[in-house]
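Chain letters run A, B, ... following the sequence lines, proteins first and then strands; every chain starts at 1. Since the model is a prediction, treat every value here as computed from it, not as a measurement. What you see below is based on every heavy atom in this structure, not just the backbone, and it leaves out hydrogens, waters and symmetry mates.
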Amino acid sequence: MEEINELIAQRRQKLEDLIEEGINPYPNNFTPDALSGEISEKYESLDGETLREIEDVFTLAGRIMTKRVMGKAAFVHIQDRKGKIQLYLKRDSVGEESYRQFKKFDIGDFVGIRGRVFKTKTGELSIDVSHVELVVKTLRPLPEKWHGLTDIETRYRQRYVDLIVNPGVKEIFIKRGRLIQHIRNYLMERDYLEVETPMMQPIPGGATAKPFMTYHHALDMDLYLRIAPELYLKRLVVGGVERVFEINRNFRNEGISPQHNPEFTMLEFYQAYATYEDLIDLIEDMLSSAAKELTGSHKVVYEGQEIDLTAPWDRLTVNEAILKYSDADESILTDRTKAFDYAKKVGLEPEERWGLGKILTEIFDEVAEAKLIQPTFITEYPTEVSPLSRKNDDNPDIVDRFELFICGREMANAFSELNDPIDQRERFEAQVAEKDAGDEEAHFMDADYIRALEYGMPPTAGAGLGIDRIVMLLTGSSSIRDVLFFPHMRPEEGRKSAAKELKEK
RNA sequence: GAGCCGCUAGCUCAGUAGGUAGAGCACCUGACUUUUAAUCAGGUGGUCGUUGGUUCGAUCCCAACGCGGCUCACCA
């Protein structure tokens with residue numbers, strides 16, 4: 001459906017006029033040799049006198065962001081990947097014909113220019129343009145220069161426009177890239193191998209979550225989008241890949257919120273002959289160094305609160321955290337009936353089939369999680385809620401596991417891995433019973449994973465980190481949508497998605 | 001899935017005790033060879049989210065729906 005809009009129609013007319021004049025509106029032969037930001041950096045501090053002696057001619061290309069025409073001269077700002085720079089175009093410098101064409105260029109169009117640096121009367125470093133040509137004619141007007149684009153929906157749906165007019169957006173994604181690079185370097189320096197494991201899995205495992213389903217036609221088989229790479233990465237440890245990591249997407253068929261997107265990026269890494277305590281040290285160091293590298297400080301301000309990422313971070317057990325952040329009596333920690341009643345008291349709806357461990361975990365989530373603002377490692381999780389973790393040697397009711405909380409949010413989950421195949425089979429069986437009892441998120445039985453463990457997995461510790469949440473913390477973003485280029489959205493035109501329309505045909 | 005709020009020009013926003021709408025920027029025409037929210041003069045531009053209902057008449061009142069945001073639930 002063609003949009004009828006006066007502004008677009010005018011630009012189409014200009015496009016046709018250009019073509020008629022023999023000008024290619026989409027050429028591909030202009031090669032810039034300079035960038036706005038680099039020129040600014042190099043010459044900004046020099047005064048006009050000094051600049052006059054610099055005879056270098058720079059070739060730049062960029063998008064016109066502002067345009068002020070004063071008869072036979074004009075000022076424009078162009079934007080390239082390193083920023084913006086002002087151009088000064090005089091009819092007498094670029095020639096009558098070029099200047100006449102230039103006056104038809106619109107804000108948003110790409111131009112290629114050549115010229116020398118100078119400073120204007122008001123002291124702004126600019127390019128005195130001697131040559132200008134059209135590089136791309138654009139058909140849609142940009143949002144206005146002053147208020148810009150603020151409509152959240154449009155910013156997410158048309159991220160390309162957001163990126164053009166809101167410079168802070170790109171900064172977030174540059175940081176995101178640098179964080180991932182930092183993590184990658186950090187692990188590779190420690191002899192980890194980066195791998196990719198299946199996104200489409202016949203049995204979705206490694207987490208408690210509702211999976212997406214898909215279907216392979218040629219094989220006539222159902223597949224799930226992965227909820228975690230965990231079981232595949234541990235198969236690799238069995239195979240002798242003793243240090244391994246993957247940074248990739250997980251998919252969970254659950255609600256959307258400022259902290260949740262259906263697909264999100266997870267780092268998982270596994271190290272043989274390490275314990276969960278080794279990973280506490282590693283994560284502490286990896287993330288605090290990341291903060292230092294990305295923000296220049298170990299302290300970041302998030303939603304008005306200063307978060308201090310300087311190591312070491314606080315440690316509490318699940319039980320300690322419950323007692324610290326609630327008025328619960330110590331007796332609930334060992335007495336299921338008392339725990340059950342206390343859970344109800346704090347507003348939970350505990351189910352009869354829940355054991356003490358599950359109840360305590362739920363109480364912890366309810367009373368303590370939101371209060372863990374400064375980075376805190378929570379340890380001693382109940383075995384009941386940790387089907388893939390190694391039991392503690394001294395107390396089989398808890399596992400060698402921790403979760404990391406910052407700003408009241410779970411940032412990481414890690415444990416010494418369960419490598420006893422008989423124990424693992426029993427845990428899966430308990431999960432299958434949960435599933436049969438109606439828990440949609442309980443684990444499936446994964447017989448091949450048991451078989452792999454029967455070949456022997458070295459004692460191993462592994463961790464998962466929500467990359468998006470780390471990026472949110474380090475960029476001060478309060479919504480996960482602000483750290484994803486294309487957050488999930490319903491289709492613009494009603495609820496009917498393209499896939500549904502296809503099905504109906 | 002539930003509650004609350006929002007949806008008016010390309011963008012940012014006003015507005016109408018119910019009588020089919022305004023501003024700034026952008027755009028068009030003209031003037032202007034150091035401007036920077038350039039300036040000056042004139043002008044164009046809207047099925048007021050969608051569909052119904054009430055009404056002589058709805059952008060405004062009512063209902064349903066759509067999309068978005070926030071909160072809750074689920075979760076990382």
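Nucleotides B:G24 and B:C65 place their P atoms 40 Å apart, quoted to the nearest Å.
For the OP1/OP2 pair of B:U35 and a distance below 4.0 Å, the side-chain nitrogens and oxygens of A:Arg68 include no atom meeting the criterion. At the phosphate of B:G66, neither OP1 nor OP2 sits under 4.0 Å from any side-chain N or O atom of A:Arg490.
Across the strands present, B:C32 finds no partner; the criterion is a Watson-Crick or G-U wobble pair with both atom distances under 3.5 angstrom.
Taking the six-membered ring where the residue is Trp, the centroids of A:Tyr381 and A:Tyr276 are separated by 6.0 Å or more.
Below the 3.5 angstrom threshold, one finds no donor paired with an acceptor across the side chain of A:Glu124 and the base of B:U34. Between the side chain of A:Thr120 and the base of B:U35, a donor-acceptor pair under 3.5 Å is found.
A straight line from CD of A:Glu6 to P of B:C11 spans 14 Å, rounded to a whole angstrom. Per the geometry, CG belonging to A:Leu348 stands 12 Å off C1' belonging to B:A73, to the nearest Å. Going from atom CG of A:Asp106 over to atom P of B:C28 covers 6 Å, rounded to whole Å.
Every residue two or more places apart in sequence or in another chain that forms a side-chain contact (heavy atoms from CB on, under 4.5 Å) with A:Ile54 is listed here: A:Tyr43, A:Leu46, A:Leu51, A:Asp56, A:Val117.
A perpendicular orientation is assigned to the rings of A:Phe377 and A:Phe402, their planes being inclined by more than 60° (bins at 30° and 60°).
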